[in-house]
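What follows is one structure encoded as structure tokens, with my remarks underneath.
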Amino acid sequence: MSAEHASEQAEVARRAMGLDVFVTRRIPQPGLDRVRAGVARMEVNPHDRVLTRPELLAGVRGRDGVLSLLTDRIDAEVMDAAGPRCRVFANYAVGFNNVDVAEATRRGVLVTHTPGVLTETTADMAWALLFAAARRIAEGDRYTRAGRFEGWGPMLLLGQDVSGKTLAIVGAGRIGAAVAQRSRGFSMRVLYVDVRANEALERDLGARRVALDEALREADLVSLHVSLEDSTRHLIGARELALMKSTAVLVNTSRGPVVDEAALVEALRSGRIAGAGLDVYEDEPRLAPGLAALENVVLCPHTASATTETRTLMAIMAADNLLSALRGGRPPNLVNPEAVPPRPHA
Ligand code: DGY
């Protein structure tokens, strides 16, 4: 080991002295190992479940940093419980609607997330749901397992074609664009809805930016990729569902509250739309009454990023964000740069 490297290591170790962090639930080991190596003390939620509110409040108490999950509501109460030493909440998710970012910023507490590493995996899942719903895969699986398959039938489980159809992407950021790019093999017409133009989609796919109502009226397949904000809560409600084709399929891998789930149940039950594929729910882990009883919806338990590779990358990214903030740096995936104190003038 060179003298320079040794002194760097010593510096890291010195800074790590006394650093105390809490991880609100076990994440893949490479992430935990990374955190462990950079701090004096790391405590991980010992249960394989979401912490109760009192457990979360007790767990964060007096920590220098917290590695949190999208299932933890990180608000003023949690920040009060963590106390003035707490410099960062490193969220293990690209979405950070579970964190009161404005409150964190006001207190000079950093918030980080894990963008990029889950884009392709989530886009794959959106397509899996899209196909499953359009081609009635889950329904066919249930039918076959139940011993109801009595041989090929000309009218058995007819679904909707995907190839050659119109795909609407609502929210053409990283994940939405990756979903759109995957349409290449299926000769689709692509529409997208976004406040910003996405030149790559227009150039590569001939995609057209349209208003939400037009997308819903024209699309055969609609995939949602907006982040959850006040402006996107119930973006798809009864009015919007009524605009869709009766043969259309809706896919949601973004956040549950983007869709009015009760209105969706009604639209699926009445045949207003043909089907849906959902990975997220308005009030997770609860489902809207009637949703689970419907045949024309495919339901997944918020697993769009759930591959070993992706969850490991997310763990490493969250760990690096946490450690960077604890060492006084500017973490690479900072949500609230305004919370970083300005450097004093030399
Ligand atoms: C996220 O990261 O926001 C997903 O919902 C879970 O990986």
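Ligands are counted one by one from 1 in listed order, and the atoms in each one are counted from 1 as well.
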Quiz item: Just heavy atoms, cut-off under 4.0 Å: does T114 contact ligand 1 by side chain, backbone, both, or neither?
Solution: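 For T114, no heavy atom sits under 4.0 Å from ligand 1.
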Exercise. Using a 4.0 Å heavy-atom threshold (strictly under), name the region of V280 that reaches ligand 1: side chain, backbone, both or neither.
Key: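 Answer for V280: neither.
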Self-check item: Nearest-0.5 Å distance that lies between atom OG1 in T112 and atom CG in N336
Solution: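 Between T112 OG1 and N336 CG, I get 9.0 Å after rounding to 0.5 Å.
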Tell me, which protein residue and heavy-atom name are nearest [atom], and how many Å apart are they?
atom                   : value
atom 1 (C) of ligand 1 : V94 N, 3.4 Å
atom 3 (O) of ligand 1 : R255 NH2, 2.7 Å
atom 7 (O) of ligand 1 : S305 OG, 2.6 Å

Exercise. State whether R135 and D161 are salt-bridged, where the test is any N-O pair (Lys NZ or Arg NE/NH1/NH2 against Asp/Glu carboxylate O) under 4.0 Å.
Key: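 A salt bridge is absent here (no side-chain N lies under 4.0 Å from a carboxylate O).
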Self-check item: Over 12 non-hydrogen atoms of neighbours within 6.0 angstrom of CZ in R26
Solution: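 No - once you tally the heavy atoms of other residues, nucleotides and ligands closer than 6.0 Å, there are 12 at most.
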Quiz item: Counting only heavy atoms not in R196, do more than 12 sit closer than 6.0 Å to its CZ atom?
Solution: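 Not buried by this count: 12 neighbours or fewer within 6.0 Å.
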Practice problem: Examine Y92 against ligand 1 and note whether any of their N/O atoms are separated by less than 3.5 Å. | Solution: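 Between Y92 and ligand 1, no N or O pair is found under 3.5 Å apart.
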Quiz item: Does the N or O separation between G95 and ligand 1 drop below 3.5 Å for any pair?
Solution: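 The answer is yes, given that G95 and ligand 1 share an N or O pair closer than 3.5 Å.
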Quiz prompt | Any side-chain heavy-atom pair of V222 and M244 under 4.5 Å | solution =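 They are in contact (side-chain heavy atoms under 4.5 Å apart), so the answer is yes.
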Quiz item: Do V259 and L224 have side chains that get closer than 4.5 Å, going by heavy atoms?
Solution: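 Of all side-chain heavy-atom pairs linking L224 with V259, at least one is under 4.5 Å.
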Exercise. Look at the rings of W127 and F186 and say which category their plane angle falls in: under 30° parallel, 30 to 60° tilted, over 60° perpendicular.
Key: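 Rings of W127 and F186: parallel, as their planes differ by under 30°.
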State the atoms of ligand 1, each with its element, that fall below the 4.0 Å cut-off from a heavy-atom position in [X].
X    : result
L118 : 2 (O), 7 (O)
H302 : 4 (C), 5 (O), 6 (C)
A93  : 1 (C), 2 (O), 3 (O)
M314 : 7 (O)

What side-chain donor-acceptor pairs closer than 3.5 Å can you find for residues 65-72, not counting sequence neighbours?
residue	atom	partner	partner atom	Å
S68	OG	N91	OD1	2.8
D72	OD2	T24	OG1	2.5
D72	OD2	L69	N	2.7

